[in-house]
Amino acid sequence: MSEGLPLGWRLRATAAVLIVPPLLYFMSFARLAAWLGENASAQFEHDLDDATLARWVDRLLRTLPGPWHRTCLKRSAVLYHLLRRAGRPVELCIGVRNKETATVAAHAWLVREGEPYLESRPAHAARHTIIARFPEARPAAAHS
């Protein structure tokens, strides 16, 4: 499953999978997302296949117990962090939708160039109304 994913990226991804999910329980998500998305650079871009990275992260999250076990939010947060560090212009979106049973369902996913990115079911994200997007849009500077 790790074929094609360089050792350095496997190590980075494993560290992110071990660190990020537990932080979801202890930090506000806005603060965590700001930290996860900062320092975006393209220093590692040349040796990374995004889909292979996503499969590695999925495999780790499905294997680990408790606070690490895969949810869309944990997966999206980890991939957001790793892909932003690789210089990818990805956004992390969180959305909600009303289910037929009068309950609310939430979903988290990545967006690149306006489209769901690395999602197995891209149409699933389209059924949700976005309530948060990271990085957060900054207001335009006031002109004097």
Side-chain angles (χ1 to χ4, degrees), residues 1-140:
M1 178 84 52
S2 66
E3 287 182 32
L5 188 63
L7 177 61
W9 276 108
R10 282 185 273 157
L11 294 173
R12 283 182 202 95
T14 301
V17 163
L18 292 174
I19 294 167
V20 172
L23 291 177
L24 292 167
Y25 295 96
F26 299 107
M27 293 177 74
S28 77
F29 191 77
R31 185 173 169 201
L32 178 60
W35 176 71
L36 293 174
E38 70 184 16
N39 298 327
S41 70
Q43 72 184 72
F44 303 113
E45 185 172 355
H46 65 282
D47 67 348
L48 177 64
D49 176 82
D50 297 2
T52 302
L53 175 67
R55 285 190 299 274
W56 178 257
V57 167
D58 287 339
R59 178 180 174 207
L60 291 172
L61 289 172
R62 282 190 179 105
T63 303
L64 294 170
W68 295 277
H69 194 70
R70 188 186 189 281
T71 65
C72 60
L73 182 60
K74 292 170 188 173
R75 177 188 193 266
S76 296
V78 168
L79 287 173
Y80 175 70
H81 171 69
L82 293 167
L83 293 170
R84 296 283 295 179
R85 290 293 187 285
R88 304 301 196 264
V90 295
E91 298 173 295
L92 190 155
C93 293
I94 299 173
V96 296
R97 71 177 173 97
N98 289 328
K99 293 175 71 174
E100 298 76 30
T101 60
T103 60
V104 175
H107 184 52
W109 67 97
L110 297 177
V111 169
R112 185 171 181 181
E113 298 175 358
E115 299 294 327
Y117 190 59
L118 301 172
E119 285 284 300
S120 61
R121 297 179 301 150
H124 183 66
R127 293 193 299 260
H128 292 78
T129 301
I130 295 175
I131 60 170
R133 182 184 302 263
F134 302 93
E136 295 179 279
R138 291 201 163 81

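Numbers for residues simply follow the sequence, beginning at 1. Heavy-atom basis, side chains included; hydrogens, waters and symmetry copies ignored.
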Qualifying residue, where the test is side chain to side chain contact (heavy atoms under 4.5 Å, CB included) with Leu92 and the options are Leu110, Val111, Leu83: Leu110
Does Trp109 reach the main-chain N or O of Cys72 with its side chain, forming a donor-acceptor pair under 3.5 Å? no
Qualifying residues under side chain to side chain contact (heavy atoms under 4.5 Å, CB included), relative to Ile131, sequence neighbours excluded: Ile94, Val96
Which atom of Trp9 lies closest to which atom of Leu82, heavy atoms considered: CH2-O, 3.8 Å
Ala54 and Leu118: which non-hydrogen atoms are nearest, and at how many Å? CB-CD1, 4.0 Å
List the atom of Ser76, the atom of Ala108, and the distance in Å for their closest heavy-atom pair. OG-O, 3.1 Å
CG of Leu18 to CG of Leu64: how many Å apart, nearest 0.5 Å? 6.5 Å
To check you understand the geometry: which heavy-atom pair defines the closest contact between Arg133 and Cys93, and what is its length? NH1-SG, 3.7 Å
Roughly how far, to the nearest 0.5 Å, is the CG atom of Leu48 from the CZ atom of Arg12? 8.5 Å
Taking distance alone, no hydrogens or angles, what donor-acceptor pairs closer than 3.5 Å link side-chain atoms of residues 19-32 to residues at least two apart or in another chain?
residue, atom, partner, partner atom, Å
Tyr25, OH, Lys74, NZ, 3.3
Ser28, OG, Arg31, N, 3.2

Within residues 117-131 or reaching into it, pairs that qualify as salt bridge (Lys or Arg N to Asp or Glu O under 4.0 Å) - sequence neighbours excluded: Arg75-Glu119
For Trp68 and Thr63, run side chain to side chain contact (heavy atoms under 4.5 Å, CB included): C-alpha distance rounded to whole Å, both residues' side-chain angles, the deciding distance at 0.1 Å, then the answer. CA-CA 9 Å; Trp68 295 277; Thr63 303; over 6 Å; no
Side-chain donor or acceptor of Arg84 paired with backbone N/O of Tyr80 under 3.5 Å: no
Looking at residues at least two apart in the chain, or sitting in another chain, which of them share a side chain to side chain contact (heavy atoms under 4.5 Å, CB included) with Ala34? none
Can you name the ring-ring contact (aromatic ring centres under 6.0 Å, His included) partners of His69, sequence neighbours left out? none
Looking only at heavy atoms, what is the nearest atom pair of Ala13 and Val57, with distance? CB-CG2, 4.1 Å
side-chain hydrogen bond (donor to acceptor under 3.5 Å, both in side chains) involving Tyr117 - partner list, sequence neighbours excluded: Asp50, Arg112
Counting only N and O atoms by type, is there a donor-acceptor contact under 3.5 Å from the side chain of Arg85 to the main-chain atoms of Leu36? yes
